[in-house]
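Notes follow the structure.
All residue numbers in this chain count up from 1 along the given sequence. Every value quoted in this text rests on a predicted model; they were computed, and no experiment measured them.
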Amino acid sequence: QVTLLESGGGSVAPGGSLTLSCVASHYSSCMGWFRQTPGSEREAVATIYDSVEINYNESMADRFTISRDAKEGTLYLQMNALKPDDTAMYYCAAGGKLQRSGTRWTCTTRVSDFDFWGQGTQVTVAS
């Protein structure tokens with residue numbers, strides 16, 4: 001069992017930045033950030049295997065950066081150039097599955113592959 005606690009959400013003007021944090025109670029090799037708006041399915045933002053292999057949702061890869069501090073058990077999501085469409089509840093996830101892509105092992109981005117979820121932190125982007 002992995003307990004996850006997110007923080008860092010809030011309200012920001014378009015073009016602004018936020019950094020989300022997620023503290024995990026135990027180490028999990030596959031972790032990720034997902035987001036969801038009311039009435040929509042939860043979608044992957046980015047997943048990370050260990051501290052190196054990263055999968056990004058291509059639509060956000062140029063503005064968002066996922067990273068982790070394995071020593072402190074903390075996952076981060078740096079979000080820049082935020083847009084109103086980025087408004088959503090952001091969730092931290094752990095216990096994901098690995099997939100092989102050529103010579104690389106990465107975490108999948110399927111919601112159903114992740115076993116543990118945080119409560120979420122709300123991000124609102126508005127003028």
Side-chain angles (χ1 to χ4, degrees):
Q1 185 77 17
V2 180
T3 302
L4 303 167
L5 182 63
E6 304 102 332
S7 62
S11 295
V12 63
S17 298
L18 279 175
T19 299
L20 306 183
S21 300
C22 171
V23 177
S25 63
H26 297 82
Y27 176 79
S28 174
S29 58
C30 272
M31 295 187 70
W33 287 99
F34 294 75
R35 70 184 189 183
Q36 187 172 22
T37 56
S40 298
E41 291 188 359
R42 194 167 295 187
E43 65 172 349
V45 175
T47 61
I48 185 167
Y49 170 45
D50 203 4
S51 296
V52 180
E53 296 293 346
I54 295 172
N55 256 339
Y56 282 107
N57 183 320
E58 288 187 6
S59 67
M60 306 170 217
D62 59 338
R63 299 182 296 119
F64 292 3
T65 302
I66 189 172
S67 62
R68 70 190 292 175
D69 184 330
K71 199 172 181 180
E72 294 189 357
T74 304
L75 182 71
Y76 300 98
L77 183 68
Q78 173 69 42
M79 304 185 293
N80 298 320
L82 283 161
K83 307 173 183 178
D85 284 350
D86 295 318
T87 295
M89 186 71 79
Y90 284 73
Y91 296 92
C92 175
K97 291 184 172 57
L98 286 171
Q99 63 183 6
R100 186 165 182 170
S101 301
T103 59
R104 296 175 63 215
W105 286 95
T106 61
C107 301
T108 70
T109 56
R110 287 186 294 271
V111 170
S112 58
D113 285 344
F114 284 78
D115 294 327
F116 308 106
W117 295 86
Q119 293 298 307
T121 184
Q122 177 68 37
V123 171
T124 301
V125 185
S127 301

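- Other members of the cluster containing L5 do not exist, because no ILVMFWY side chain is joined to it at under 4.5 Å.
- Remark: L98 pairs with C30, Y49, W105, C107 by the side-chain contact (heavy atoms from CB on, under 4.5 Å) rule, at least two apart or across chains.
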### Task
Step by step, work out the side chain to side chain contact (heavy atoms under 4.5 Å, CB included) result for T106 and Q99.
CA-CA 5 Å; T106 61; Q99 63 183 6; 3.3 Å; yes

### Task
Show your working on side chain to side chain contact (heavy atoms under 4.5 Å, CB included) between L77 and V45 and close with a plain yes or no.
CA-CA 9 Å; L77 183 68; V45 175; 4.0 Å; yes

### Query
Where do D62 and Y56 land on the side chain to side chain contact (heavy atoms under 4.5 Å, CB included) test, with the steps shown first?
CA-CA 9 Å; D62 59 338; Y56 282 107; over 6 Å; no

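- Evaluation of the disulfide (SG to SG under 2.5 Å) test over residues 64-102, restricted to residues two or more places apart or in two chains, returns C22-C92.
- When the side chains of ILVMFWY residues are joined at heavy-atom separations under 4.5 Å, either directly or via intervening members, F116 and L20 end up in a single hydrophobic cluster.
- Looking only at atom types and distance, the side chain of S29 has no donor-acceptor partner in the side chain of D50 under 3.5 Å away.
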Please list, one pair per line, the donor and acceptor atoms closer than 3.5 Å that link side chains of residues 31-38 to other protein atoms, with sequence neighbours excluded.
| residue | atom | partner | partner atom | Å |
| --- | --- | --- | --- | --- |
| W33 | NE1 | Y76 | O | 3.2 |
| R35 | NE | E43 | OE2 | 2.7 |
| R35 | NH1 | D86 | OD1 | 2.9 |
| R35 | NH1 | Y90 | OH | 3.0 |
| R35 | NH2 | E43 | OE2 | 3.3 |
| Q36 | OE1 | R42 | NE | 3.1 |
| Q36 | OE1 | R42 | NH2 | 3.1 |
| Q36 | NE2 | S40 | O | 3.0 |
| T37 | OG1 | S40 | OG | 3.1 |

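- Looking at residues two or more places apart in sequence or on another chain, you find no side-chain hydrogen bond (donor to acceptor under 3.5 Å, both in side chains) involving D69.
- Transitive grouping of hydrophobic side chains (ILVMFWY, heavy atoms separated by less than 4.5 Å) keeps Y91 and I48 in distinct clusters.
- Every residue two or more places apart in sequence or in another chain that forms a side-chain contact (heavy atoms from CB on, under 4.5 Å) with S59 is listed here: N57.
- Residue pairs satisfying the salt bridge (charged side-chain N to carboxylate O under 4.0 Å, His left out) criterion with at least one member in residues 93-107, sequence neighbours excluded, are listed as follows: E53-R104.
- Contact record, G9 with T121: N-OG1, 3.1 Å, taken as the closest heavy-atom pair.
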### Message
Between T109 and N55, does the side chain to side chain donor-acceptor pair (under 3.5 Å) criterion hold? Intermediate values first, please.
### Response
CA-CA 7 Å; T109 56; N55 256 339; 5.6 Å; no

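- Q78 contributes atom CD, which lies 8.5 Å from atom OG of S67 (distance to the nearest 0.5 angstrom).
- Partners of D115 under the side-chain hydrogen bond (donor to acceptor under 3.5 Å, both in side chains) rule, at least two apart in sequence or in another chain, do not exist in this structure.
- By the side-chain hydrogen bond (donor to acceptor under 3.5 Å, both in side chains) test, S7 pairs with no residue at all, sequence neighbours left out.
- With sequence neighbours excluded, the residues satisfying side-chain contact (heavy atoms from CB on, under 4.5 Å) with V12 are L18, L82, V125.
- Taking Ile, Leu, Val, Met, Phe, Trp and Tyr as members and joining any whose side-chain heavy atoms lie under 4.5 Å apart, directly or through other members, V52 forms no hydrophobic cluster with any other residue.
- Considering all non-hydrogen atoms of both residues, A81 and R63 come closest at O-NH1, 3.0 Å.
- Both M60 and L75 belong to a single network of hydrophobic side chains, linked directly or stepwise wherever heavy atoms of I, L, V, M, F, W or Y lie under 4.5 Å apart.
- Shortest non-hydrogen contact noted between P14 and S127 is CD-N, 3.7 Å.
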### Task
Assess whether side chain to side chain contact (heavy atoms under 4.5 Å, CB included) is satisfied between V23 and L4, documenting all intermediate values.
CA-CA 6 Å; V23 177; L4 303 167; over 6 Å; no

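- Side-chain N or O atoms of S25 include one that pairs as donor or acceptor with a backbone N or O of T3 at under 3.5 Å.
- Under a 3.5 Å cut-off, the side chain of S28 and the backbone N or O of G95 do form a donor-acceptor pair.
- Evaluation of the side-chain hydrogen bond (donor to acceptor under 3.5 Å, both in side chains) rule for S21 yields no partner, not counting sequence neighbours.
- Side-chain heavy atoms closer than 4.5 Å link hydrophobic residues (I, L, V, M, F, W, Y) into clusters, and following such links, possibly through other members, connects W117 to M89.
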